[in-house]
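Below you'll find the structure, written out as C-alpha cells, and then a few comments.
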Amino acid sequence: MCGRYVLKITLQELQQKYGATPEGIFTIEENYNVAPSLHMPVIVQQGDQRKIDKYRWGLIPFWAKEINSGYSMINARAESLEQKKSYASPFKSKRCVIPANGFYEWKKAGGEKIPHYITQKRSELINFAGLYEEWKPQKEGEAPIKSFTIITTDANKPISELHDRMPAMLLDEELDIWLDPENKDTDSLKDLLRPWPNDDISFYRVGKEVNSARNSGKQLINPYRDLFS
DNA sequence: CCAGACGTTGTT
DNA sequence: GTCTGG
DNA sequence: CCAGACGTTGTT
DNA sequence: GTCTGG
C-alpha cells in the first residue's frame, strides 16, 4: 500500500517533465515524509492541457457532509474501482498522476514495524496513478476542496517481501492515455494498473524517525545503520 | 419504498 | 449522488 | 501510513 | 479501542 512518500523536486522541474502549467501561484517544498491530509502537487488534464495543481491527500467524496467523515480514502484498490461508490465516478473522468521520488512501506517483523524506502531504478521520478474529486462545502462562501487518492495493486516480487500491496505506477508514455478525461475505455485503463516490473524496484531499510510525520528532512532516506555493527 | 453506507489495511 | 439492504 | 490523544473544572 | 493530526 502507500501511506507515505517523498517528493524532492522544484515546480520548474515538474513543469518541464510533464509539460504542464501551474494552476494559480504556488510553491513546492521538498518533503521526505509526505503524509495523508497534506496538499501535494498532482498532474491533471483539462481539455488538451496538462495542469499542475495542489490537492489534498485523502479523497473526499463529493457528497460528503463533513470533511472529516471518518473515511480513510488515501488508497483505492485497482481491482474494485468500478464497484466502489466513491471511486466509480472519478475513475471515469477524474484521473490524475501524483509525482513522487520514492515511497515508504513498513514491514511487519514480529511485533515490530520496520520502515523501508522504495524507489524505481530507471527513473528518478515516479508517476503514481491516482483519482481526484472536488468537494463543495455546504456552507456558502467556503472554497471547494480538491482531494486525491493513490491507487494500489498487488505487490510485485521484491515488494512482496515487505507488503502484499504497492502503489500503481505509470510509464511516461502511458500518461496521455491515463490523464485524458474523455477516455472511457475502462478495460484498457485498468490494464495500466499492473504491478511494476520486478527488475525496476529497489529498496532499503531506513530509520524509525520516518514513523513520525512531524519529521520531514532528507536524513529520513538515509540507509538504516545498526549502532552495533 | 426508505435508511444507511459510501474505504483500506491489518489483525483477530 | 447512487447503490445495497431490509 | 504512524503517533498521540482521548476530559472537565477550577485555580494559577 | 478509535479518532485526530501530521
**Given B/dT9, C/dG1, D/dA3, the nucleotide with the shortest approach to the side chain of A/Asn211** = D/dA3

**Request:** Tell me which nucleotide among D/dA3, D/dC2, C/dT2 gets nearest to the side chain of A/Lys113.
**Result:** D/dC2

**Request:** Could you measure between the two P atoms, the one in D/dC1 and the one in B/dT12, and give it in whole Å?
**Result:** 15 Å

**Request:** Would you tell me if any nitrogen or oxygen in the side chain of A/Thr152 comes within less than 4.0 Å of OP1 or OP2 on B/dT9?
**Result:** yes

**Item:** Whole angstrom value for the distance that separates C1' of B/dT8 from CE of A/Met1
**Value:** 5 Å

**Message:** In whole Å, I'd like the distance from the CG atom of A/Leu162 to the P atom of D/dC2.
**Reply:** 13 Å

**Prompt:** Taking the same atom, P, in D/dA3 and in B/dT8, what whole-Å distance lies between them?
**Reply:** 24 Å

**Asked** Looking for any heavy atom pair under 4.0 Å, which part of the strands does A/Ala88 touch: base, sugar-phosphate only, or nothing?
**Response** nothing

**Request:** Report the distance from atom CD1 of A/Ile118 to atom P of D/dC1, rounded to the nearest whole Å.
**Result:** 14 Å

**Message:** Can you confirm if the NZ or CZ of A/Arg50 lies within 45° of the ring axis of A/Tyr18 and under 6.0 Å from the centre of its six-membered ring?
**Reply:** no

**Asked** With rounding to whole Å, what would you report as the distance between B/dG7 and C/dC3 at their C1' atoms?
**Response** 15 Å

**Any A/Leu175 side-chain heavy atom under 4.5 Å of A/Asn127 side chain** = yes

**Asked** Can the ring centroids of A/Phe103 and A/Tyr117 be said to lie less than 6.0 angstrom from one another?
**Response** no

**Message:** From NZ of A/Lys65 over to P of B/dA3, roughly how many Å is that when rounded to an integer?
**Reply:** 13 Å

**Request:** Please tell me which of the listed nucleotides, B/dT8, E/dG6, C/dG1, lies nearest to the side chain of A/Lys85?
**Result:** C/dG1

**Request:** Ignoring the backbone of A/Phe62, work out which of B/dT8, E/dG6, C/dG1 is nearest its side chain.
**Result:** C/dG1

**Message:** Closest approach to the side chain of A/Ser80, judged atom by atom: which nucleotide of B/dT9, B/dT8, E/dG6 is it?
**Reply:** B/dT8

**Asked** Nearest-Å distance, CD (A/Glu209) to P (D/dA3)?
**Response** 11 Å

**Message:** Side chain of A/Lys84, heavy atoms from C-beta onward: which of D/dC1, E/dG6, B/dG7 has the nearest atom to it?
**Reply:** B/dG7

**Request:** Provide the distance between the two P atoms, one in B/dC6 and one in E/dT2, to the nearest whole Å.
**Result:** 15 Å

**Item:** Residue matched to E/dG6 through Watson-Crick or wobble contacts both under 3.5 angstrom
**Value:** D/dC1

**Request:** Looking only at side-chain atoms of A/Arg4, point me to the closest of E/dG6, C/dT4, D/dA3.
**Result:** E/dG6

**Asked** How is A/Asn33 classified with respect to the nucleic acid when contacts are heavy atoms under 4.0 Å: base, sugar-phosphate, or nothing?
**Response** nothing

**Prompt:** Going by the angle between their ring planes, with limits at 30° and 60°, are A/His116 and A/Phe203 parallel, tilted or perpendicular?
**Reply:** perpendicular

**Item:** Protein-nucleotide distance (A/Gln83, atom CD; B/dT8, atom P), rounded to Å
**Value:** 11 Å

**Asked** Does D/dG4 have OP1 or OP2 sitting under 4.0 Å from an N or O in the side chain of A/Arg214?
**Response** no

**Message:** Please classify the nucleic acid contact of A/Tyr104 as base, sugar-phosphate, or nothing, using heavy-atom distances under 4.0 Å.
**Reply:** nothing

**Request:** Using a 4.0 Å heavy-atom cut-off across all strands, classify A/Ser37 as base, sugar-phosphate, or nothing.
**Result:** base

**Prompt:** Given atom CD of A/Glu82 and atom C1' of B/dG7, what is their separation to the nearest angstrom?
**Reply:** 17 Å

**Asked** How about A/Tyr55 and A/Phe148: are their ring centroids closer than 6.0 Å?
**Response** no

**Message:** Need one value for A/Thr149: base, sugar-phosphate or nothing, where a base atom within 4.0 Å counts as base even if backbone is also close, heavy atoms only.
**Reply:** nothing

**Asked** Between atom CG in A/Asn31 and atom P in D/dC1, what is the gap in whole Å?
**Response** 18 Å

**Message:** Checking A/Gln83 against A/Ser80 for the side chain to side chain donor-acceptor pair (under 3.5 Å) test, could you report, in this order, the C-alpha distance in whole Å, the side-chain angles of both residues, the deciding distance, and whether it holds?
**Reply:** CA-CA 5 Å; A/Gln83 284 75 49; A/Ser80 53; 5.3 Å; no

**Prompt:** Checking all strands, does A/Ile74 fall into the base, sugar-phosphate, or nothing category for heavy-atom contacts under 4.0 angstrom?
**Reply:** base

**Prompt:** Ring centroid separation for A/Trp57 and A/Tyr5, is it under 6.0 angstrom?
**Reply:** yes

**Item:** Nucleotide nearest A/Trp63 (side chain, heavy atoms from C-beta), chosen from C/dG1, B/dG7, D/dC2
**Value:** C/dG1

